[in-house]
Amino acid sequence: MSRASRRLPRSFYEKDVLEVATKLLNKVVVSERDGLRLAARIVEVEAYRGAEDEAAHSFRGPTKRNATMFGPPGHWYVYFSYGMHWCANLVVAPAGTPHAVLVRAAEPLEGFEVMRERRPKARTDRDLLRGPGRFGSALGFTGADDGLDAVNGPIRVVDDGVAPPERPAIGPRVGITKAAEEPWRFWVPESRFVSATRRATNIRPD
DNA sequence: TAAAAGATCCCCT
DNA sequence: GGGGATCTTTTAT
């Protein structure tokens, strides 16, 4: 990244999950470990709203899997999906309020070689991180990363000066059956790195 | 103890 | 557009 970047403070994650989700758009995930530096810009997310959201893993209370969601904000909640993929969320709201934002797609910025090695099926760089399982794979997330601190840990979220879209595209979440009508998926409308194949149901009025 | 569902991806038609 | 891969977690018996 050519511009100066700064870490997001933990307070960034303490607001309403829908607001945090839209503000995470265009933020950058930076992973520095094993002597590798990877970076990717978040272009698509989904909000999961804890006890009020039947589609959230945390809806029925804490379990071994979802424990991180009940912890403090600004940490990675990583879970194993469909027997083969690792998906990564950012925990939102104070400890005890199990809200989270799933990262669904990102634009690769740094570490192309490593990402291509980890994603041999990707025909083009557009497909490296386009989808939550692909994002987890390209960035090297595994179950060992569940609970990692996204503020001070090896995989951080930073602001490199690119503002979130003024009017993010909004639509229903993907791959769920409960609360499937809630328009809690947000993406950067002009980005070609989004996984979205469905059109937006509306555009945010502010 | 068993069965079903699951915040997905990939290949085939 | 549809189905298989693959296995953990959750829910039902």
Side-chain angles (χ1 to χ4, degrees), chain A residues 13 17-18 20-22 24-25 29 40 42-71 73 75-93 97-108 115-148 150 155 157 168-188 192-201:
Chain A
Y13 300 98
V17 68
L18 300 183
V20 175
T22 58
L24 277 169
L25 293 175
V29 178
I42 297 169
V43 297
E44 181 179 337
V45 297
E46 281 176 354
Y48 285 88
R49 205 168 198 175
E52 308 151 45
D53 179 5
E54 210 177 350
H57 288 168
S58 51
F59 181 67
R60 296 174 194 279
T63 64
K64 185 174 181 182
R65 176 177 67 163
N66 67 22
T68 299
M69 286 184 80
F70 289 81
H75 290 254
W76 291 103
Y77 165 49
V78 181
Y79 70 92
F80 195 46
S81 177
Y82 288 97
M84 47 193 121
H85 307 294
W86 294 103
C87 296
N89 300 249
L90 289 156
V91 176
V92 172
T97 303
H99 295 187
V101 175
L102 171 68
V103 179
R104 284 197 59 87
E107 172 183 351
M115 292 183 187
R116 288 169 187 149
E117 284 176 20
R118 291 174 175 172
R119 294 267 309 110
K121 300 288 175 58
R123 294 170 143 261
T124 70
D125 289 346
R126 178 171 179 255
D127 290 334
L128 288 175
L129 305 137
R130 204 185 72 192
R134 294 162 168 179
F135 172 83
S137 176
L139 269 73
F141 276 97
T142 71
D145 301 322
D146 181 44
L148 275 189
I155 307 176
V157 184
I170 302 176
R173 294 175 294 184
V174 177
I176 56 175
T177 56
K178 300 164 191 166
E181 73 287 352
E182 298 287 1
W184 291 349
R185 179 165 58 109
F186 307 95
W187 65 96
V188 178
R192 69 189 193 90
F193 294 91
V194 298
S195 75
T197 55
R198 306 177 199 184
R199 53 185 189 285
T201 55

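Chain naming here is simple, since letters A, B, ... match the order of the sequence lines and numbering starts at 1 in each. Keep in mind that this is a model prediction, so the values were computed, not measured.
Taking atom NE2 on A:His57 and atom C1' on B:dG6, their separation rounds to 7 Å, with Å as the unit. One can place CG of A:Asn66 at 10 Å from P of C:dT11, the figure rounded to the nearest angstrom. Remark: C1' of B:dA4 and NZ of A:Lys178 are 11 Å apart, rounded to the nearest angstrom. A straight line from NZ of A:Lys121 to P of B:dC12 spans 10 Å, rounded to a whole angstrom. The distance from atom CH2 of A:Trp86 to atom P of B:dA7 is 15 Å, rounded to the nearest whole Å. The interatomic distance linking A:Leu128 (CG) with B:dT8 (C1') rounds to 17 Å, in whole Å. Regarding A:Phe80, its CZ atom lies at a distance of 15 Å from the C1' atom of B:dA5, rounded to whole Å. Atom NE2 in A:His85 sits about 11 Å away from atom P in C:dT6, given to the nearest Å.
Applying the 4.0 Å criterion to OP1 and OP2 of B:dG6, one finds that A:Arg65 has every side-chain N and O outside that range. Note on A:Ser81: every side-chain N or O is 4.0 Å or more away from OP1 and OP2 of C:dT8. Between A:Thr63 and C:dT10 there is a side-chain N or O to OP1 or OP2 distance below 4.0 Å. For A:Arg130 and B:dC9, the shortest distance from a side-chain N or O to OP1 or OP2 is not below 4.0 Å. The phosphate of B:dT8 (OP1 or OP2) has a side-chain N or O of A:Arg104 nearer than 4.0 angstrom.
With a 4.5 Å cut-off on side-chain heavy atoms, A:Phe193 and A:Val188 do not count as touching. Annotation: side chain of A:Tyr77 is in contact with side chain of A:Met69 (closest heavy-atom distance under 4.5 Å). The side-chain heavy atoms of A:Val91 and A:Trp76, taken from C-beta on, include no pair separated by under 4.5 Å.
Ionic pairing of A:Asp125 and A:Arg116 is present here: one or more N-O contacts between side-chain nitrogen and carboxylate oxygen are shorter than 4.0 angstrom.
Checked by distance alone, A:Tyr82 brings no side-chain donor or acceptor within 3.5 Å of a matching partner on the base of B:dA7.
When the P atom is used for both B:dA2 and C:dT6, the distance is 22 Å, rounded to whole Å. Taking atom P in both B:dA7 and C:dG1, one finds a spacing of 23 Å when rounded to whole Å.
When both distances must be under 3.5 Å, the Watson-Crick or G-U wobble mate of B:dA7 does not exist. Base pairing annotation: C:dT6 forms no Watson-Crick or G-U wobble pair, as no partner gives both donor-acceptor distances under 3.5 Å.
If you check every strand for non-hydrogen atoms under 4.0 Å, A:Arg123 touches nothing. Contact annotation for A:Gly83: base contact, defined as any heavy-atom pair under 4.0 Å involving a base atom. Using a 4.0 Å heavy-atom distance criterion, A:Leu102 is classed as a base contact.
Annotation: cation-pi pair A:Arg173/A:Tyr48 present, NZ/CZ under 6.0 Å from the ring centroid and within 45° of its normal. Note that A:Arg104 lies outside the cation-pi zone of A:Trp187, set by a 6.0 Å cut-off to the ring centre and a 45° limit from the axis.
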